Every structure is written in C-alpha cells, then in structure tokens.
Amino acid sequence: LSYARVGRKQDFGLVPIAGLVEKILIETAPNTNVTVQKDIQVGQIFMGKTDGEMLFSALISNAFKHGSIQSKPVDDKHNPQNQIDIRVYKSDGYCCIETHDTGPGIPQEYRDKVLEPLATLKPRDMVEGSGMGLAIVSKIASVYGGFLSWHETQNKTGFRLSVHLPLHQQLEMMDAT
C-alpha cells in the first residue's frame, strides 16, 4: 500500500532532514553494535512528508538489516567495524542522499531485481523484511524526477547507494503549492 501511495495523498512541504534521520535511527536500531556516521549538509528538502519518511526509513533500515552483522560482537582482529554512513549533500543541481554500510553488498547481477516490489535476495526466515524497501526508494526517486546510483566500494564489500533528487524540481513543486 505504501508503494502505491508514493507521490500521492499527502501533505507537501519542507521536510527537516537531520531530525527525520535521528527519529528513524532511534526507531530502527536503538541497541545495536553499529556505528553511525552522519554528514547532513542539507537542512531540509521539499517533498511529500510521507514520502520523505518512507525514503529515509527504507534507506536506513536496509542498511541496518543487510549492512551489518548485528548478532556478532565487534572484534577489531576478526570482524570489520559495523558502520553505516549517512550523507546528504548538494551536487550538480541535485540533493544527494547516500547510505553506505559494511555488509556483504549486492552483486551487480541482482541490482535491478532488488528494485522490484517484493524482491529479496535472502529467504524471509533469514532476514526480516517485505522486499519493498529499495523498491519504494526507487519509485520515490522516479516520481520526484531523480535517479539512483550504485557505487562500488574500495574493498568490494559493503553497499553504497545514492538517491539524487533534482533541486530545480524542488523549486517547481514549491511554486505549485
């Protein structure tokens, strides 16, 4: 149902990014062994308020579910530090929202599949999830005239995804309301 409502039936306005990220972090993973680094350079973004919450919630919860080894203790000698980086910045006319984690990543051949509704790469009894998170992220990017970009990490581990939302679209939407 959330997927079907992207871009519709909601109030549009300025969504405060830092506060929203903090709220989602508290709700998503209050007691984990994951270090979260934030670099929020954009204060707010104009979009549907529900879409803003769904976008950040899907990105952050995906990073926690698939990007860390929460069941194992952090051991500097044997396991990499479980870390999630969240960046929001402006670049080339876009507001870029980026998450980067230290999990196993998504192989190139499955990247289109994980953007489809109900798609998962692991059985549902191994990882809790509906398979809708990245599909919602992709649809929000599309509805707002943006796009996604995948980034390879230096050591081929982890997952880094950027959502690019055009800033000119933001101004046009503000003028229309």
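These numbers come from the heavy atoms of this one structure, side chains and all, not from hydrogens, waters or symmetry mates. What you are looking at is a predicted structure, and each value in this text was computed from that prediction instead of being measured. Numbers for residues simply follow the sequence, beginning at 1.
The salt bridge (Lys or Arg N to Asp or Glu O under 4.0 Å) check on Asp39 picks up Arg87, with sequence neighbours excluded. Partners of Lys23 under the side-chain contact (heavy atoms from CB on, under 4.5 Å) rule, at least two apart in sequence or in another chain, are Glu27, Glu53. Remark: Ser149 pairs with His151, His164 by the side-chain hydrogen bond (donor to acceptor under 3.5 Å, both in side chains) rule, at least two apart or across chains. With sequence neighbours excluded, the residues satisfying side-chain contact (heavy atoms from CB on, under 4.5 Å) with Ser57 are Ile24. Lys38 meets the salt bridge (Lys or Arg N to Asp or Glu O under 4.0 Å) test with Glu22; sequence neighbours excluded. Under the side-chain contact (heavy atoms from CB on, under 4.5 Å) criterion, Ser142 pairs with no residue at all, not counting sequence neighbours.
In terms of heavy-atom proximity, Cys95 sits nearest to Val88 at SG-CG1, 3.9 Å. Here the closest heavy-atom approach between residue Ala58 and residue Val137 is recorded as CB-CG2, 3.6 Å. Closest approach of Gly48 to Tyr144, counting heavy atoms only: N-OH, 2.9 Å. Here the shortest heavy-atom pairing between Leu165 and Ala141 reads CD2-CA, 4.0 Å. When all heavy atoms of Ser162 and Glu98 are compared, the closest pair comes out as OG-OE1, 2.9 Å.
Residues Gln83 and Gln37 have side chains in contact (heavy-atom distance under 4.5 Å, counting atoms from C-beta outward). At least one side-chain heavy atom of Leu161 sits less than 4.5 Å from a side-chain heavy atom of Leu134. Side-chain contact between Val15 and Phe56 is absent, with no heavy-atom pair separated by less than 4.5 Å. Side-chain contact check for Ile84 versus Thr35: every heavy-atom pair is 4.5 Å or farther apart. Annotation: side chain of Leu55 is not in contact with side chain of Ile136 (no heavy-atom distance under 4.5 Å). Two residues are said to be in side-chain contact when any heavy atoms from C-beta on lie closer than 4.5 Å; Val163 and Cys96 fail this criterion. Contact of the Met54 side chain with the Ile140 side chain is registered, since non-hydrogen atoms from C-beta on lie closer than 4.5 Å. For the pair Arg160/Thr99, no side-chain contact is recorded, criterion being any heavy-atom separation below 4.5 Å from C-beta on.
The salt bridge (Lys or Arg N to Asp or Glu O under 4.0 Å) contacts involving residues 140-151 comprise nothing, where partners must be two or more places apart or lie in separate chains.
Remark: Phe12 CZ to Lys49 NZ distance equals 11.0 Å, nearest 0.5 Å. Atom-to-atom distance recorded for Ile17:CD1 and Leu20:CG is 8.0 Å, nearest 0.5 angstrom.
Clustering of Ile, Leu, Val, Met, Phe, Trp and Tyr side chains at separations under 4.5 Å places Phe147 together with Tyr94.
Both Leu14 and Val143 belong to a single network of hydrophobic side chains, linked directly or stepwise wherever heavy atoms of I, L, V, M, F, W or Y lie under 4.5 Å apart.
A side-chain N or O of Gln10 and one of Asp51 form a donor-acceptor pair less than 3.5 Å apart.
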